[in-house]
Amino acid sequence: MAEQVSLFNTLTRRVEPLTPLAPPRVTLYTCGPTVWNYAHIGNFRTFLFEDLLRRWLEYAGYQVFQIMNLTDVDDRTIKAARTAGKQLAVHTAPFTQAFFEDRDYLRIKPAHVYPRATEYMPAMIALVARLLERGVAYKGEDGSVYFAIAKFPTYGRLSRLDRREIKVGARVASDEYAKDDPSDFALWKKADAEDEAVGAAWDAPFGRGRPGWHLECSAMALAEIGKRFAVQTLDIHGGGVDLIFPHHENEIAQSEGATGQVFARHWLHGEFLNVRGSKMSKRHGNFLTARDLREQGVDAAAVRLLFFQTHYRQPVDFTDEALEAAKEGVRRLGEFHQRLQGAGSRERGAELDKLAERLEADVATALNDDLNAPRAVAALFDFVRAVNRELDKPVAPAGTARALAAFVRVTDVLDVLPTARSADPALARWVEERIVARAQARKSKDFKVADVIRAELLAKGVEIEDTPQGTKWRLR
RNA sequence: GGCGCCGUAGCCAAGUGGUAAGGCAGAGGUCUGCAAAACCUCGAUUCGUCGGUUCGAUUCCGACCGGCGCCUCCA
């Protein structure tokens, strides 16, 4: 196992060593998308940081079991289904599918399980029943079931919100009168006509209704790790900073209120993706979806590099300039990769081996320190420059195997190499023919014709490069 | 009002109580028929402002200015 992985823990507001309950196993629960619409790249920034976490933990020798929920029943999905005039399940299905497509486009490693809220009704109902039984939940006058935060003294510990200081303002719940305390939150909402209309209501001993937003995460996390590992405590729970309160605070209350055990040992939260300084969100209308980028032909590697060049706990502004810069970086990495692969491998690669070792060491130091991806990326580019310098030397240093292996290892964690693109055979044949014609022109010093041919190729999006090994070409 | 985040070169962005990584863009150079790629050289005497602590602060403390987030269903 590699060195100690340390991560910032929202619970303590400190970078702390990761201490899994039963190493090398790490149970990782990451809050997934609400499938009422397409997820935007702000959502995906969080999923991408979690992807990096997952990959780094695996690189470090841990056996990660990742759970990502799919919220397919909540206020927004119901409202969206209602607007579309569809049943809930019919409305959410294509967006669930779209989420998986976007995930694959962005090269996010699939979680091991994707529990859907609607498929865990028995677990959720059992959890509510348990909370009622233990006296930390009660049925309100409106028929819904609420969690009594007065019965959970550590409530507010994660978000450091003092209940008494919570401003009673902007978003006052309409069901406030039904609760013992305005801050109590719904575990189970009594079904109303709209819920019934879209098929979002289930029978339960405490009344027909539907789960509150937070309930699913507690129920599904506990169910998944319970049946697999017979534990009630997650090693890591992650999400966006906006979930700290109330979502994660409430998850803790529900889970610990039911099990009496620590729900999650380490809490990780990723910062927002902003647009011109403001949070990207559906509400602001300033969002961009993953499929928008895909349709624009943006290589996912560029998106990954862009995000990884900023620490996950820093807000980052999404701009075209930043994306363009990331595209260039990806291109450079791709060129380098090809060069290294083609550099051959003989003996005597002492210098390269040293650089390879340093790369691995620097990346490990960076990522072990609260997943400092920007520093890992810097180490990668340092390596690229240093190795290029070696390869430029008149007597090329041999023995590139070690360097190539290190580069691939690091690059597998970040996954920022350009997507291989292949030209269609007809174009390839034409390009090869043109290159031969140009070579003849160059041989007879007819550079005018040679340059015309190059312009011709460029017009078709083909870039050429004369090297000692002949003329190479690529699509741009 | 409460909790919290941010302000580092043209742009993006790391970082440390001891004098500023990396990427993109730009300028010059090497190489090239010309290019491209790659490499070399060049950029903040300075890290929002003003104070304080310190032998020394961008890094710690305070105030202020500016931007942002959460405060009950937002990643």
Side-chain angles (χ1 to χ4, degrees), chain A residues 10 13 30-34 39-50 71 74-76 156 159-173 175-176 182-186 189 212-214 238-247 249-250 269-274 277-284 305-306 309-311 313-317 319 321-332 335-336 338-339 362 366 372-382 384-385 388-393 442 445-448 450-451 454 463-467 471-472 474:
Chain A
T10 307
R13 313 276 156 129
T30 47
C31 282
T34 300
H40 58 67
I41 56 173
N43 301 318
F44 277 107
R45 182 187 179 198
T46 298
F47 303 147
L48 243 10
F49 121 68
E50 292 162 345
T71 300
D74 80 321
D75 287 3
R76 286 181 300 166
S159 55
R160 306 214 165 166
L161 276 179
D162 185 331
R163 289 168 37 221
R164 289 162 308 202
E165 303 293 350
I166 293 174
K167 185 183 179 184
V168 180
R171 293 202 242 169
V172 178
D175 51 12
E176 197 174 345
S183 298
D184 288 347
F185 60 91
K189 297 178 153 188
W213 175 35
H214 321 293
V241 286
D242 50 351
L243 296 185
I244 295 172
F245 188 90
H247 189 53
E249 196 68 74
N250 292 350
H269 294 95
E271 256 296 344
F272 290 133
L273 180 65
N274 293 331
S278 294
K279 174 184 178 179
M280 176 179 283
S281 75
K282 292 273 167 52
R283 215 183 339 170
H284 294 147
L305 184 65
L306 173 63
Q309 277 181 304
T310 303
H311 187 88
R313 285 194 290 115
Q314 289 297 330
V316 60
D317 227 63
T319 63
E321 296 92 305
L323 182 59
E324 287 306 315
K327 283 181 191 169
E328 271 307 300
V330 165
R331 183 202 53 74
R332 180 167 156 82
E335 298 264 357
F336 174 76
Q338 285 194 344
R339 183 177 192 192
D362 287 352
N372 194 326
R375 236 160 70 202
V377 170
L380 187 61
F381 279 103
D382 279 339
V384 168
R385 187 171 3 82
N388 266 327
R389 190 189 299 143
E390 289 302 316
L391 296 178
D392 273 353
K393 287 182 178 169
R442 291 179 72 211
K445 307 278 182 205
D446 192 349
F447 297 119
K448 271 212 168 70
D451 289 344
R454 178 161 58 201
E463 258 178 354
I464 55 172
E465 188 180 331
D466 297 322
T467 75
T471 300
K472 295 195 298 192
R474 61 168 171 270

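Given the structure is predicted, the values throughout are model-derived calculations rather than measurements.
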**Student:** Determine the Euclidean distance between corresponding P atoms of A21(B) and G33(B); express it in Å to zero decimal places.
**Tutor:**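 Those two atoms are separated by 37 Å.
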**Student:** Quick one: which of A14(B), A75(B), C39(B) gets closest to the side chain of Pro374(A)?
**Tutor:**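 Closest of the options to the side chain of Pro374(A): A14(B).
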**Student:** Under 4.0 Å between a side-chain N/O of Asn372(A) and OP1 or OP2 of A14(B), yes or no?
**Tutor:**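 It does not, given that no N or O in the side chain of Asn372(A) lies less than 4.0 Å from OP1 or OP2 of A14(B).
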**Student:** Is the distance from OP1 or OP2 of G69(B) to the nearest side-chain N or O of Arg283(A) less than 4.0 Å?
**Tutor:**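 Negative; the distance criterion is not met.
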**Student:** Which whole number of Å gives the distance between the C1' atom of G26(B) and that of G15(B)?
**Tutor:**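 Comparing C1' positions in G26(B) and G15(B) gives a spacing of 25 Å.
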**Student:** Rounding to the closest angstrom, what is the interatomic distance between U49(B) and U41(B) at atom C1'?
**Tutor:**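 Their C1' atoms lie roughly 35 Å apart.
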**Student:** Counting the atoms with a prime plus P, OP1 and OP2 as sugar-phosphate, which does Gly239(A) contact under 4.0 Å by heavy atoms, base, sugar-phosphate, or nothing?
**Tutor:**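 Sugar-phosphate, no base atom in range.
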**Student:** Run the side-chain hydrogen bond (donor to acceptor under 3.5 Å, both in side chains) test against Arg76(A) and tell me which residues pass, sequence neighbours left out.
**Tutor:**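 side-chain hydrogen bond (donor to acceptor under 3.5 Å, both in side chains) check on Arg76(A) returns Thr34(A).
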**Student:** For Arg385(A), enumerate each residue passing the salt bridge (Lys or Arg N to Asp or Glu O under 4.0 Å) test, keeping only those at least two apart in sequence or located in another chain.
**Tutor:**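 With sequence neighbours excluded, Arg385(A) shows a salt bridge (Lys or Arg N to Asp or Glu O under 4.0 Å) to Asp382(A), given in chain and number order.
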**Student:** Please compare Ser278(A) and Asp74(A) by the position of their nearest nucleotide in RNA chain B and report the one closer to 5'.
**Tutor:**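 Final value for this comparison: Ser278(A).
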**Student:** Please state the C1' separation for the pair G48(B) and U59(B) - nearest whole angstrom.
**Tutor:**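 After rounding to an integer number of Å, I get 15 Å for this pair.
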**Student:** Going by purine N1 to pyrimidine N3 plus the second Watson-Crick contact, or the G-U wobble pair, all under 3.5 Å, which nucleotide sits opposite C64(B)?
**Tutor:**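 Paired with C64(B), as far as the under-3.5 Å criterion goes, is G48(B).
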**Student:** Angle class for the His247(A)/His214(A) ring planes (parallel below 30°, perpendicular above 60°, tilted otherwise)?
**Tutor:**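 Tilted: the ring planes of His247(A) and His214(A) meet at 30° to 60°.
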**Student:** For C40(B), take OP1 and OP2 only and decide whether either is under 4.0 Å from a side-chain N or O of Arg389(A).
**Tutor:**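 Answer is yes, contact under 4.0 Å.
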**Student:** Give the minimum heavy-atom separation between Asp362(A) and Ala379(A), together with the two atoms involved.
**Tutor:**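 What the structure gives for the nearest pair is CB-CB, 3.7 Å.
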**Student:** Sequence neighbours left out, what passes side-chain hydrogen bond (donor to acceptor under 3.5 Å, both in side chains) with Thr471(A)? Give chain and number order.
**Tutor:**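 Listed in chain order: Asp466(A).
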**Student:** Applying side-chain hydrogen bond (donor to acceptor under 3.5 Å, both in side chains), can you list everything that pairs with Asp184(A), at least two apart in sequence or on another chain?
**Tutor:**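 Asp184(A) satisfies side-chain hydrogen bond (donor to acceptor under 3.5 Å, both in side chains) with Tyr138(A) only.
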**Student:** What is the base-pairing partner of G1(B), counting Watson-Crick and G-U wobble geometry with both distances under 3.5 Å?
**Tutor:**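 G1(B) is paired, partner C71(B).
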**Student:** Between atom CG in Leu305(A) and atom P in A13(B), what is the gap in whole Å?
**Tutor:**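 Between P of A13(B) and CG of Leu305(A): 13 Å.
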**Student:** What is the separation between atom CD on Glu249(A) and atom C1' on G2(B), rounded to the nearest whole Å?
**Tutor:**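 My rounded result for the distance is 14 Å.
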**Student:** For Ala379(A) and for Thr319(A), locate the closest nucleotide of RNA chain B by heavy-atom distance; then report the residue assigned to the nucleotide nearer the 5' terminus.
**Tutor:**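 The residue mapped nearer the 5' terminus is Thr319(A).
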**Student:** Do Phe47(A) and Pro33(A) have side-chain heavy atoms sitting under 4.5 Å apart?
**Tutor:**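 A side-chain contact under 4.5 Å exists here.
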**Student:** Is there a Watson-Crick or G-U wobble partner for U41(B) with both distances under 3.5 Å, and which nucleotide is it?
**Tutor:**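 A27(B) - that is the nucleotide pairing with U41(B), both distances being under 3.5 Å.
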**Student:** Between C6(B) and A35(B), how many Å separate the two P atoms, rounded to a whole number?
**Tutor:**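 The same atom, P, in both gives a distance of 47 Å.
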**Student:** Distance between the P atoms of A57(B) and G67(B), in whole angstroms?
**Tutor:**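 Straight-line distance between the two P atoms is 30 Å.
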**Student:** Could you tell me the separation between the NZ atom of Lys279(A) and the P atom of C68(B), rounded to a whole number of Å?
**Tutor:**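 Taking atom P of C68(B) as the reference, NZ of Lys279(A) is at 14 Å.
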**Student:** If I take atom CG in residue Asp382(A) and atom P in nucleotide C39(B), what distance separates them, rounded to the nearest angstrom?
**Tutor:**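 From Asp382(A) CG to C39(B) P: 11 Å.
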**Student:** Are any non-hydrogen side-chain atoms of Arg13(A) and Thr10(A) less than 4.5 angstrom apart?
**Tutor:**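 A side-chain contact exists here, since the closest heavy-atom pair is under 4.5 Å.
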**Student:** Could you run down nucleotides 24-36 of chain B 5' to 3' and tag each one B, S or - for protein heavy-atom contact under 4.0 Å?
**Tutor:** SS-------BBBB
**Student:** Using a 4.0 Å heavy-atom cut-off, does Thr310(A) contact any base of the nucleic acid, only the sugar-phosphate backbone, or nothing at all?
**Tutor:**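 The answer is sugar-phosphate, as Thr310(A) gets under 4.0 Å only of primed atoms, P, OP1 or OP2.
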**Student:** With rounding to whole Å, what would you report as the distance between C42(B) and A20(B) at their P atoms?
**Tutor:**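 Straight-line distance between the two P atoms is 14 Å.
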**Student:** Produce the list of close N/O pairs, under 3.5 Å, pairing protein atoms with atoms of nucleotides 3-9 of chain B; give distances to one decimal.
**Tutor:**
from: C3(B); atom 1: O2'; to: Ser159(A); atom 2: O; distance (Å): 3.4

**Student:** Could you measure the distance from the NE2 atom of His269(A) to the OG atom of Ser159(A)? Nearest 0.5 Å is fine.
**Tutor:**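 Those atoms lie 9.5 Å apart.
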**Student:** Return the set of residues passing salt bridge (Lys or Arg N to Asp or Glu O under 4.0 Å) with Asp446(A) (not counting sequence neighbours), or none when no residue passes.
**Tutor:**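 Applying salt bridge (Lys or Arg N to Asp or Glu O under 4.0 Å) to Asp446(A) gives none.
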**Student:** Could you pull out all residues at least two apart from Glu465(A) that satisfy side-chain hydrogen bond (donor to acceptor under 3.5 Å, both in side chains)?
**Tutor:**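 Only Arg474(A) meet the side-chain hydrogen bond (donor to acceptor under 3.5 Å, both in side chains) criterion with Glu465(A).
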**Student:** In whole angstrom, what separates Leu273(A)'s CG from A13(B)'s C1'?
**Tutor:**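 In whole Å, A13(B) C1' and Leu273(A) CG are 15 Å from each other.
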**Student:** From CG of Leu323(A) over to C1' of C11(B), roughly how many Å is that when rounded to an integer?
**Tutor:**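 The distance from CG of Leu323(A) to C1' of C11(B) comes to 14 Å, rounded to the nearest Å.
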**Student:** Quickly work out the Gln338(A) CD to A37(B) C1' distance and round it to whole Å.
**Tutor:**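 One finds 11 Å between C1' of A37(B) and CD of Gln338(A), rounded.
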**Student:** In whole angstrom, give me the gap between the P atoms of G4(B) and U19(B).
**Tutor:**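 To the nearest whole Å, 32 Å.
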**Student:** Suppose we screen for salt bridge (Lys or Arg N to Asp or Glu O under 4.0 Å). Which residues come up paired with Arg332(A), at least two apart in sequence or across chains?
**Tutor:**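 Arg332(A): no salt bridge (Lys or Arg N to Asp or Glu O under 4.0 Å) contacts found.
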**Student:** Students often get this wrong, so: under 4.0 angstrom with heavy atoms, is His269(A) touching a base, only sugar-phosphate, or nothing?
**Tutor:**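 The residue His269(A) makes no contact with any strand.
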**Student:** Nearest whole Å is fine: how far is A75(B) C1' from Phe49(A) CZ?
**Tutor:**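 To the nearest whole Å, that distance equals 10 Å.
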